[in-house]
Protein chains: 2
Amino acid sequence: MESTFSITELAEEFEVTPRAIRFYEDKGLLSPRRNGLTRVYSHRDRARLILILRGKRVGFSLAEIKEMLDLYDVDDEQIEQARYLVIKSRERIDALKEQRDDIDQAIKELETGCERAEDHLRDKGIALHDAVAD
Amino acid sequence: MESTFSITELAEEFEVTPRAIRFYEDKGLLSPRRNGLTRVYSHRDRARLILILRGKRVGFSLAEIKEMLDLYDVDDEQIEQARYLVIKSRERIDALKEQRDDIDQAIKELETGCERAEDHLRDKGIALHDAVAD
DNA sequence: AGTCAGGTTGACGTTTACGTCAACGTCAAC
DNA sequence: GTTGACGTTGACGTAAACGTCAACCTGACT
């Protein structure tokens with residue numbers, strides 16, 4: 001079990017490009033050690049990357065993720081960090097629920113329009129089953 | 001009941017900016033008549049605008065909306081248009097459902113992380129109710 | 001010596017749907 | 001005759017998160 005990682009190792013493991021990882025560093029989310037110029041990632045760096053990607057999955061911006069990670073560093077007992085995380089998570093959950101409602105609404109609209117179009121087709125000629133995309 | 005509209009009238013009615021409406025024209029989604037330079041919108045133009053905004057609401061790109069509108073024009077009995085609409089709508093519905101699943105997944109992840117953080121806070125000191133954002 | 005795999009730093013390009021000027025026209029009202 | 005409301009056309013700016021070069025270095029193998 002290796003104790004350090006190269007940029008492409010991490011990139012492949014998590015299916016992101018090296019460019020993306022460097023980008024996160026640029027934005028202050030990562031700061032791996034260097035061997036000369038080459039980046040060398042510790043397990044801690046790897047853990048941070050996991051947190052970054054998890055944050056992205058649930059819709060946080062890189063800026064928000066950075067704030068959380070920064071708190072995680074400064075805050076010894078992670079009290080502020082935990083509090084911030086709770087607040088932000090609740091905000092995000094609310095936003096996501098709204099987004100989900102919007103999606104449900106959109107699906108309804110689409111289904112209505114779809115049925116109307118199908119009726120129209122049935123009227124003019126029955127060729128619905130031929131409706132395969134090119 | 002007026003039979004034509006100015007750009008700001010439409011903009012206000014549908015709560016978009018004139019800039020947006022001109023943008024749609026630029027992209028070929030609208031082509032109002034002109035009185036000199038000034039744009040004059042008919043009921044038909046207004047109807048198209050409604051379709052554009054509905055399309056946007058359900059997540060179609062302007063390019064996709066344009067394709068539908070173009071078909072609507074060419075296609076006399078709207079057969080191709082209806083078929084295209086059905087296909088695209090189904091695609092969109094599928095994509096939206098996936099998106100909704102992603103959101104549900106994200107909410108779950110957030111709730112888990114949230115609970116963990118709350119436990120941590122409860123461990124260290126009870127100050128959860130003070131956790132109001134600034 | 002050559003050359004390849006892997007790494008590096010800029011720096012500009014991409015996407016979408018507009019926002020935000022600037023500089024100008026025009027028509028009616030005062 | 002000038003003010004004001006409303007309109008016009010460019011043209012550049014914006015957001016986020018990278019993609020995509022170019023030009024370079026460096027150590028290992030052949």
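Just so we're clear, the structure is a prediction, and the values are computed from it rather than from any experiment.
- With distances taken from any side-chain atom of R34(B) to the nucleotides dC18(D), dG19(C), dT8(D), the minimum falls on dT8(D).
- Rounding to the nearest 0.5 Å places CZ of R83(B) at 13.5 Å from NZ of K124(A).
- Atom CZ in R22(B) sits about 10 Å away from atom C1' in dC6(D), given to the nearest Å.
- Between Y24(B) and dA17(C) there is no side-chain polar atom (N or O) within less than 4.0 angstrom of OP1 or OP2.
- The interatomic distance linking L29(A) (CG) with dC18(D) (P) rounds to 10 Å, in whole Å.
- Using a cutoff of 4.0 Å between basic side-chain nitrogens and carboxylate oxygens, R122(A) and D119(A) are scored as salt-bridged.
- Proximity of T8(A) to the phosphate of dG7(C): a side-chain N or O atom is located under 4.0 Å from OP1 or OP2.
- At a threshold of 4.5 Å between side-chain heavy atoms, the hydrophobic network of Ile, Leu, Val, Met, Phe, Trp and Tyr places I65(B) and V86(B) in two separate groups.
- Atom NZ of K66(B) and atom C1' of dA17(C) are 16 Å apart (whole Å).
- Between E13(A) and R46(A) there is a salt bridge, since at least one side-chain N of the basic residue sits less than 4.0 Å from a carboxylate O of the acidic one.
- Going from atom NZ of K27(B) over to atom C1' of dA17(C) covers 9 Å, rounded to whole Å.
- As a whole-Å value, the separation of I52(B) CD1 from dT16(C) P is 17 Å.
- The hydrophobic cluster containing I79(A) does not contain Y84(A), counting ILVMFWY residues as joined when their side-chain heavy atoms lie under 4.5 angstrom apart, directly or transitively.
- Checking dT8(D), dC18(C), dG7(C) against the side-chain heavy atoms of I7(B) singles out dT8(D) as nearest.
- Of all nucleotides listed (dG7(D), dT8(C), dC18(D)), dG7(D) comes nearest to the side chain of T38(B).
- Contact annotation: S6(B) does not reach the phosphate of dC6(D) (side-chain N/O to OP1 or OP2, under 4.0 Å).
- With a cut-off of 3.5 Å on both Watson-Crick or G-U wobble distances, the partner of dC30(C) is given as dG1(D).
- Closest-nucleotide positions on DNA chain C for E9(A) and F60(B) were compared, and the one nearer the 5' end corresponds to E9(A).
- Where A63(B) and Y41(A) each meet DNA chain C at their nearest nucleotide, the meeting point lying more 5' is that of Y41(A).
- Looking at the side chain of L62(B), the nearest of the listed nucleotides dA17(D), dT8(D), dA17(C) is dA17(C).
- For the pairing with D73(B), the side chain to side chain donor-acceptor pair (under 3.5 Å) check across Q78(B), R48(B), Q81(B) returns one residue only, R48(B).
- Summarising the base pairing, dT14(D) is matched to dA17(C) through a Watson-Crick or G-U wobble pair whose two defining distances lie under 3.5 Å.
- You'll find a donor-acceptor pair under 3.5 Å spanning the side chain of R19(A) and the base of dT20(D), going by distance alone.
- When heavy atoms are screened at a 4.0 angstrom cut-off, K56(B) is found touching the sugar-phosphate backbone but no base atom.
- Going from atom CZ of F23(B) over to atom C1' of dC12(D) covers 14 Å, rounded to whole Å.
- Distance CG (L37(A)) to P (dG10(C)): 10 Å, rounded to an integer number of Å.
- For R39(A) and dT9(C), the shortest distance from a side-chain N or O to OP1 or OP2 is below 4.0 Å.
- Note on T17(A): every side-chain N or O is 4.0 Å or more away from OP1 and OP2 of dC18(D).
- Here dT9(D) presents its P atom at 13 Å from CD1 of I21(B), a figure rounded to the nearest Å.
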